[in-house]
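These notes concern the structure reproduced below.
Just so we're on the same page: letters track the sequence lines, and every chain starts at 1. What you see is a predicted model, and the numbers here were worked out from it, not measured in a lab.
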Number of protein chains: 2
Amino acid sequence: MKLKDFAKQLGLSKTTVSRALSGYPEVSEVTRARVVEEAVRLGYRPNVNAVRLKTGRVGAIGVVMGRAGEFHFAEFMAGMAERLVTEDTDILVIPMADPEYDAEMQLYKRLAESQRVDAIIMHSPRPNDQRIALLHELGLPFLVHGRSDIDVPHPWLDIDNEGAVRRATSHLIDLGHTRIAMINGRQGATYALHRDIGYRGALQSHGIEIDPQLIANGNFTDEIGFRFARSFLEQPKPPTAFVAGSMMTALGIYRAARSLGLQIGTDVSVIAHDDVFPYLTADNMVPSLTATRSSMRAAGTRCADLVLQLLAGRSPLEIHELWPVELILRESTGPVRTDQT
Amino acid sequence: MKLKDFAKQLGLSKTTVSRALSGYPEVSEVTRARVVEEAVRLGYRPNVNAVRLKTGRVGAIGVVMGRAGEFHFAEFMAGMAERLVTEDTDILVIPMADPEYDAEMQLYKRLAESQRVDAIIMHSPRPNDQRIALLHELGLPFLVHGRSDIDVPHPWLDIDNEGAVRRATSHLIDLGHTRIAMINGRQGATYALHRDIGYRGALQSHGIEIDPQLIANGNFTDEIGFRFARSFLEQPKPPTAFVAGSMMTALGIYRAARSLGLQIGTDVSVIAHDDVFPYLTADNMVPSLTATRSSMRAAGTRCADLVLQLLAGRSPLEIHELWPVELILRESTGPVRTDQT
DNA sequence: ATACTTTTTCAAATCGATTTCAATTTTGTT
DNA sequence: AACAAAATTGAAATCGATTTGAAAAAGTAT
């Protein structure tokens, strides 16, 4: 059913029908009501591609997806979906061949030229991230989930990674720990850097020397958590506490500690960052996990919201949201054992 | 840069340029070479929306996403992305307000009418799933990830859930277990039904009575695993083994067993289904988890592939793929303790 | 050189909507 | 009732490509 046919059925012009459906004020309420009602009855719905061609609006927000099967991703998208479901806007997942810089730059260029999406949400930016410069140049509206120190204005939403880790680390220090290990995310991303800064900052401000042997970087997997925790704990001077980047990492650390006969919460303290997953909760771990918490889903919802605002004309320059992170104390952290220090 | 301008620059007509770029044979090789080269140099790229309007092809495959933040989802999509990255096709995630039947039916109708996607991948179908009937009726190409017994032909890819669980259960029976609990996925989906059939079948063919008290259904979460395992184990006649629907469920069962001082692999055996996640591996659990395994990512890749074939004209009638599921024996299963039976 | 293919190119129609500008109808005022 | 102002409607242009059918150019055979 095309507009032309539909209009003919109603005995109206295409113009009037189109206006009635798009809510323009120049059409009488009685006509509009009739048009809307008949549209539902006859099942008329504008062809998206025609609308898109004419208006230049696509009705889709792009999210670039790397190969790594990030479990965060699904949560973030679920959050976006929550906001977008009422908006007639969908999410375009753009597969990226290689998480290589060049490939991604090309991808953005193509996206901008081909008008597949109205805006892009970019993840895990790096310090001085040239992708941001490119997006800015291309004029394609975008929002960064995370931040970059690049000298180009960009709208972003980020959580206070530095503050979160600083607090977590400080808390461990307050409990008497001095050998605190850090199993961070992959090197390169700003968030990993911020966490590193928070960690170092906390130690330094308490006059504790930083031991590079206690710092590791890697994917957010159980495997990484286990491997590094195990190797750290087998050092001559093992850590008495861990700060970890994710729940999965924490699972690995738990496993490593157990495998060495160490009790979490007494022999070894653990704090991890919790993105709040419906399927795995910090409170349910044994012992329950002390965590810095921030909902990934909520971030997705808000990012979608901000992008809509951006598209509605809000200035990108004023969009900067830094979300505080809660520290939830549970059983996995405890005072350092006096014979350990 | 529009086709018109670009053609003018080259001194050719729009027709010839369009043909040259789309690889039609009616254009001389020397002209084509020039056009292609100049397109790259001048950065001309056809406007997708115009192409889509004209050709009726959208270049996107739709995946309906429920609210539940399924961790499988990201893996499946990562798999799809792997296949689609080389095609010029993207993934459209369609948010669904409520996982209600009616709402979803409406959604499919809207999708078909508005031509947002070329095809749809549908997840977790139910027995006699009317959504399949609807999609069939609408003429929107689709692929079902899973199966339904509905009396409408539909292309599908599924794993052998029944066989997997039958084997898992039989294995436990071979180890001497007779009180075997089943923590299945949410009731309603065909896969849950198939698993249930496999479970019951294995018990029955060994002459073991089915105890409804040992069967539970719920989301794939640590929480569900814990709660049911705990309540089962506290029964007067507790199970000595568990068959579980997911790794997360298994985590919960492990936790429940531990909380009751039971050793996994000796006091209680556990087999779970493993969708193969990069961040959490069955082999790394302690003790390592015996699992029925099938890669969700591979399924995503193959589903994307099949949809492309569908769009290329392959008959939906002949697309039925049933993937076998491996059973990987590890430490979480062992012979029943003789004092238990 | 002519007639006839074959190859290459192009003008114009088309896809299905939105929107400008003009025409018509309705309402309000005197 | 006459006229202006406001409200409503519609014809035609437009978005940027693809594709049909016709024409021009090149190639081949007589």
query: Atom NZ of B/Lys14 and atom P of D/dA17: how far apart are they, to the nearest Å?
result: 9 Å
- prompt: If only side-chain N and O atoms of A/Tyr44 are considered, is one of them under 4.0 Å from the OP1 or OP2 phosphate oxygen of C/dA17?
  reply: yes
- prompt: Is A/Lys2 near enough to C/dG16 that one of its side-chain N or O atoms lies under 4.0 angstrom from OP1 or OP2?
  reply: yes
- line: Whole-Å distance, A/Leu53 CG to C/dA17 P, equals 12 Å
field: Pairing of B/Arg302 and B/Asp305 as salt bridge, 4.0 angstrom limit
entry: yes
query: Taking the six-membered ring for Trp, are A/Phe76 and A/His123 parallel (under 30°), tilted (30 to 60°) or perpendicular (over 60°)?
result: perpendicular
message: Assuming nearest nucleotide by heavy-atom distance, tell me which of A/Leu12 and B/Arg45 is located more 5' along DNA chain D.
response: A/Leu12
field: Phosphate OP1/OP2 of C/dA17 contacted by A/Ser18 side-chain N/O (<4.0 Å)
entry: no
message: Quick test of your reading of the model: are A/Arg314 and A/Glu318 salt-bridged, counting only N-O distances below 4.0 Å?
response: yes
- prompt: Mind checking whether A/Phe277 and A/His72 have parallel, tilted or perpendicular rings, split at 30° and 60°?
  reply: tilted
message: Output the rounded distance in Å from CZ (A/Arg52) to C1' (C/dC15).
response: 15 Å
- prompt: Side chain of A/Thr15: nearest nucleotide among D/dT18, D/dG16, D/dA12?
  reply: D/dA12
- prompt: For the side chain of A/Arg19 and the base of D/dG10, is some donor closer than 3.5 Å to an acceptor across the two?
  reply: yes
message: Between A/Thr31 and D/dT9, is there a contact of a side-chain N or O with OP1 or OP2 at under 4.0 Å?
response: yes
query: Between atom CZ in B/Arg32 and atom P in C/dT7, what is the gap in whole Å?
result: 14 Å
query: Do the side-chain N or O atoms of B/Ser13 get closer than 4.0 angstrom to the phosphate oxygens (OP1, OP2) of C/dC10?
result: yes
- request: State whether A/Thr16 places a side-chain N or O below 4.0 Å from either non-bridging phosphate oxygen (OP1 or OP2) of D/dG10.
  value: yes
